[in-house]
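Worksheet: the structure to be examined is printed underneath.
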Number of protein chains: 2
Amino acid sequence: MNLRELAQHLGLSKTTVSRALNGFSEVNEETRLRVVEAARRFNYTPNVSAKRLATGETGAFGVVLPGASAEMADPVFGEFLAGLADGAGRCGRDLYVNATFDGEEAGYRRLARAKAVDVMILANLKVDDLRIRLLSHLGLQTVTCGRTAGSLIYPHLDVDHEDGVRRAVELLAGLGHRTIALVSGPADLSASEQRMVGWHAALSHHGLAAAAHLFTAGPSTEGHGYRATRTLLGAPTPPTAFVCASMFLASGCCRAIGDCGLKIGRDVSVIAHDDGLATVRPEAFEPALTTTFSSIRAAGVRIAELAAQLVGGADPADLSEVWAVDLIFRDSAQAPPRR
Amino acid sequence: MNLRELAQHLGLSKTTVSRALNGFSEVNEETRLRVVEAARRFNYTPNVSAKRLATGETGAFGVVLPGASAEMADPVFGEFLAGLADGAGRCGRDLYVNATFDGEEAGYRRLARAKAVDVMILANLKVDDLRIRLLSHLGLQTVTCGRTAGSLIYPHLDVDHEDGVRRAVELLAGLGHRTIALVSGPADLSASEQRMVGWHAALSHHGLAAAAHLFTAGPSTEGHGYRATRTLLGAPTPPTAFVCASMFLASGCCRAIGDCGLKIGRDVSVIAHDDGLATVRPEAFEPALTTTFSSIRAAGVRIAELAAQLVGGADPADLSEVWAVDLIFRDSAQAPPRR
DNA sequence: CATATCTTCCAAACCGGTTCGGATTGCTTT
DNA sequence: AAAGCAATCCGAACCGGTTTGGAAGATATG
């Protein structure tokens with residue numbers, strides 16, 4: 001059932017039917033109801049390809065997966081993508097996922113030339129992310145998850161990782177900890193840099209040293225969290241508290257602490273950032289983990305909404321948000337042992 | 001730059017240019033080279049929307065994410081999706097990801113009516129999966145990752161989980177284990193059923209009992225692996241060997257074994273199924289895990305290829321594959337302790 | 001009553017490709 | 001020389017929507 005057939009059935013023109021369905025004002029209310037009713041009855045859905053060609057809008061948001069990278073194996077990214085798809089669905093859009101064997105840049109160029117998407121979504125922003133410049137050069141509208149220091153203005157949603165770590169460190173310092181380590185994710189990520197800034201700021205605010213050996217960066221995995229923590233605990237002056245950038249790092253961190261014969265809470269404190277994944281819940285830890293929390297899925301949903309507004313002609317300068325994190329007290333952060 | 005402009009530049013008709021670029025025989029070789037060269041020089045890429053409208057093919061494969069589910073938080077699914085997108089890219093297709101707040105079925109119906117995709121991809125097949133019937137009823141071509149017992153013929157790629165578990169159990173039985181537990185994923189999954197069949201078959205082949213309390217099913221997470229293993233080890237006759245359906249279950253299983261004061265390999269043996277995720281590698285375990293291996297990413301790539309062949313008119317009956325798993329010996333499976 | 005305005009609808013053009021049905025040219029056949 | 005044929009190319013129709021620029025009739029205004 002296409003538009004022409006539907007119009008014939010109704011004894012109307014394609015024009016009127018199209019306008020009735022798209023909510024234009026210049027069609028009689030009675031007629032509109034007839035049209036809408038008939039569309040429902042005949043199970044009519046506009047052909048997306050035709051709609052796209054006619055409007056120039058594709059109705060899709062694009063995501064490029066870097067081919068070789070293990071990004072998709074990162075459940076946080078997966079959850080973000082789910083949120084994105086969810087939010088896109090609510091706005092009547094879809095997600096166009098393009099994984100390129102020939103490099104991420106080629107993927108963007110191809111999507112741009114083929115006019116395959118309305119907006120590109122960028123996640124896991126690097127400290128100085130070249131992709132932003134590339135996309136703006138290609139004339140592709142972009143919304144990012146995360147932000148960089150650069151001068152370009154682009155719609156983005158970011159979680160305030162700097163403040164999250166700052167508050168975590170201040171909580172620990174307030175409890176009496178003097179040696180506080182930061183177990184962070186990949187060093188080239190903008191979020192990691194933000195965390196380091198927050199860590200430095202909170203430490204210096206309390207007159208504590210931000211010794212270089214107390215900061216580690218690496219993949220956001222259980223394995224790296226374990227190794228980093230083992231190394232840190234083996235140092236001459238081991239930290240009494242750990243701030244972990246993700247629940248996976250925290251898993252490894254906790255395992256390492258246990259393997260060293262220490263007890264979390266009593267001997268060593270841990271605060272982790274929780275992205276709200278259903279599979280790794282802070283309450284399931286023993287003891288339950290104190291966390292900074294921000295739902296990455298909700299961020300994905302919201303970014304899709306921002307992208308839809310961008311397509312709708314909203315001013316890009318108005319489409320940025322920075323979300324505060326929640327600091328949730330549980331049992332893994334306690335006063336350090338007397339010595 | 002569109003087709004008309006390109007044709008004008010070349011002094012040719014749209015028809016000829018289109019045919020030259022699409023490799024039709026009725027265009028002079030010399031002309032074709034001129035056209036291809038010009039297309040490259042002017043950076044011409046056909047508008048996907050127009051192409052789709054004209055051909056009726058959408059150039060995209062569809063994936064529907066069940067809205068409420070935590071499927072995307074499952075890194076295995078994420079890696080599968082990455083493989084899918086990768087394979088689709090190689091075939092010049094893209095992935096259309098639709099997450100629906102109003103239920104998975106509504107998502108399929110919408111994509112079908114809007115003719116938004118050429119082929120639907122289904123993963124995580126249930127034992128009796130209603131989606132297959134729905135899609136065939138909607139007239140949507142489908143390729144699945146996994147297979148069910150039903151009578152419908154549909155192109156699929158499946159990993160031979162039954163044989164994987166059978167060989168794992170036979171290895172353990174051959175080493176002398178008499179009590180072998182199966183720590184499996186969600187019970188409603190077809191793969192889980194296959195595993196149970198393999199477990200039963202191998203046990204009975206060795207004259208061993210497949211006691212009901214030695215089989216557990218649940219979410220494929222570290223947490224569930226831990227809890228299940230704790231329960232199993234607390235039983236009157238605890239197993240001396242565990243077969244885990246995923247690396248995450250195995251992580252929890254190993255942690256539980258350690259927490260019970262047992263040593264993997266010496267006291268208890270473990271074999272896990274490894275989907276080849278970069279973040280949880282069997283070599284990183286202590287001791288290194290013996291595994292059955294099959295790359296889920298490669299499966300995704302291949303499924304995209306099968307989907308492309310299906311669009312190309314291949315006979316659905318010829319498009320099914322079952323992949324054997326590799327059994328890789330490491331250190332976590334040893335003879336049981338003397339008693 | 002003539003004119004202006006509003007409401008409601010439509011025919012036709014357009015988006016950018018693909019493809020059907022010739023048309024033209026040059027080369028073999030008979 | 002006429003007919004047959006292959007190689008090349010083109011005009012126009014088509015895919016299924018949206019949108020422009022009226023047109024017809026009803027209502028308001030002077």
Side-chain angles (χ1 to χ4, degrees), chain A residues 1-36 38-39 42-60 92-93 110-118 311-313, chain B residues 1-36 38-39 42-60 92 110-118 311-312:
Chain A
M1 171 63 66
N2 61 24
L3 189 64
R4 187 169 44 83
E5 291 165 13
L6 183 62
Q8 277 173 352
H9 267 276
L10 286 161
L12 291 168
S13 73
K14 278 167 50 176
T15 309
T16 303
V17 176
S18 171
R19 290 191 158 144
L21 293 173
N22 289 319
F24 280 67
S25 60
E26 60 223 276
V27 46
N28 191 321
E29 190 56 30
E30 194 184 333
T31 313
R32 130 145 344 101
L33 289 176
R34 249 179 69 221
V35 171
V36 170
F42 289 116
N43 228 341
Y44 168 78
T45 307
N47 178 306
V48 289
S49 302
K51 190 164 200 155
R52 290 173 167 199
L53 179 58
T55 58
E57 285 184 12
T58 67
R93 323 291 170 118
R110 187 162 41 222
L111 290 185
R113 288 204 323 233
K115 297 214 194 310
V117 301
D118 296 331
V311 175
Chain B
M1 170 64 66
N2 60 24
L3 190 63
R4 187 169 45 80
E5 291 165 11
L6 184 61
Q8 277 173 349
H9 268 277
L10 286 161
L12 291 168
S13 74
K14 278 168 48 175
T15 309
T16 303
V17 175
S18 171
R19 289 188 159 149
L21 293 173
N22 288 319
F24 280 66
S25 60
E26 61 221 274
V27 45
N28 190 319
E29 188 57 28
E30 193 183 334
T31 312
R32 133 148 339 106
L33 289 177
R34 248 177 71 218
V35 171
V36 170
F42 288 116
N43 230 340
Y44 167 79
T45 307
N47 180 307
V48 289
S49 303
K51 190 166 199 153
R52 290 173 167 197
L53 178 58
T55 58
E57 285 184 12
T58 68
R110 187 161 42 221
L111 290 185
R113 288 204 323 235
K115 297 211 194 309
V117 301
D118 297 331
V311 175

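Order of the sequence lines sets the chain letters (A, B, ...), proteins ahead of strands, with each chain counted from 1. What you see is a predicted model; the values in this text were computed from it and never measured.
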Legend entry - Note, B:Leu3 side chain near B:Val17 side chain (heavy atom, < 4.5 Å): yes
Inset, instruction - For A:Phe24 and D:dG17, give me the distance from atom CZ to atom P, rounded to whole Å. - result: 15 Å
Inset, instruction - Report the distance from atom CZ of A:Arg4 to atom P of D:dC15, rounded to the nearest whole Å. - result: 7 Å
Inset, instruction - To the nearest Å, give me how far apart CG (B:Leu3) and P (D:dC10) are. - result: 12 Å
Legend entry - N or O in side chain of A:Asn28 less than 4.0 angstrom from C:dT8 OP1/OP2: yes
Legend entry - Short side-chain N/O contact to D:dC10 OP1/OP2 from B:Ser13, under 4.0 Å: yes
Inset, instruction - Answer yes or no: does a side-chain N or O of A:Asn22 lie under 4.0 Å from OP1 or OP2 of D:dT18? - result: yes
Inset, instruction - Specify the separation, in whole Å, of atom CG of A:Asn47 and atom C1' of D:dG16. - result: 6 Å
Inset, instruction - Let me know the distance between NZ of B:Lys14 and C1' of D:dG11, rounded to the nearest Å. - result: 10 Å
Inset, instruction - Between A:Thr45 and B:Ser25, name the one whose nearest nucleotide on DNA chain D is closer to the 5' end. - result: B:Ser25
Inset, instruction - May I ask you to test the A:Val35-A:Leu10 pair for a side-chain heavy-atom distance under 4.5 Å? - result: yes
Inset, instruction - Could you check whether A:Thr15 gets within reach of a base, just the sugar-phosphate, or nothing at all, counting any heavy atom under 4.0 Å? - result: base
Inset, instruction - Check every strand shown and say whether B:Arg19 touches a base, only sugar-phosphate, or nothing at a heavy-atom separation below 4.0 Å. - result: base
Inset, instruction - Taking only the side-chain nitrogens and oxygens of A:Thr55, find out if one of them lies under 4.0 Å from OP1 or OP2 of D:dT18. - result: no
Inset, instruction - Taking only the side-chain nitrogens and oxygens of A:Tyr44, find out if one of them lies under 4.0 Å from OP1 or OP2 of D:dG17. - result: yes
Inset, instruction - Verify whether one side chain among A:Arg52 and B:Ser49 offers a donor that lies under 3.5 Å from an acceptor in the other. - result: no
Legend entry - Rounded distance (Å) that lies between atom P of D:dA26 and atom CD of A:Glu30: 15 Å
Legend entry - Distance in angstrom units between A:Glu26 CD and C:dC6 P, rounded: 14 Å
Legend entry - Between C:dG16 (P) and B:Glu57 (CD): distance, integer Å: 21 Å
Legend entry - Position toward the 5' end of DNA chain D (nearest nucleotide), A:Asn2 or B:Thr31: B:Thr31
Inset, instruction - May I ask you to evaluate whether A:Ser18 reaches the phosphate of D:dG17, defined as a side-chain N or O under 4.0 Å from OP1 or OP2? - result: no
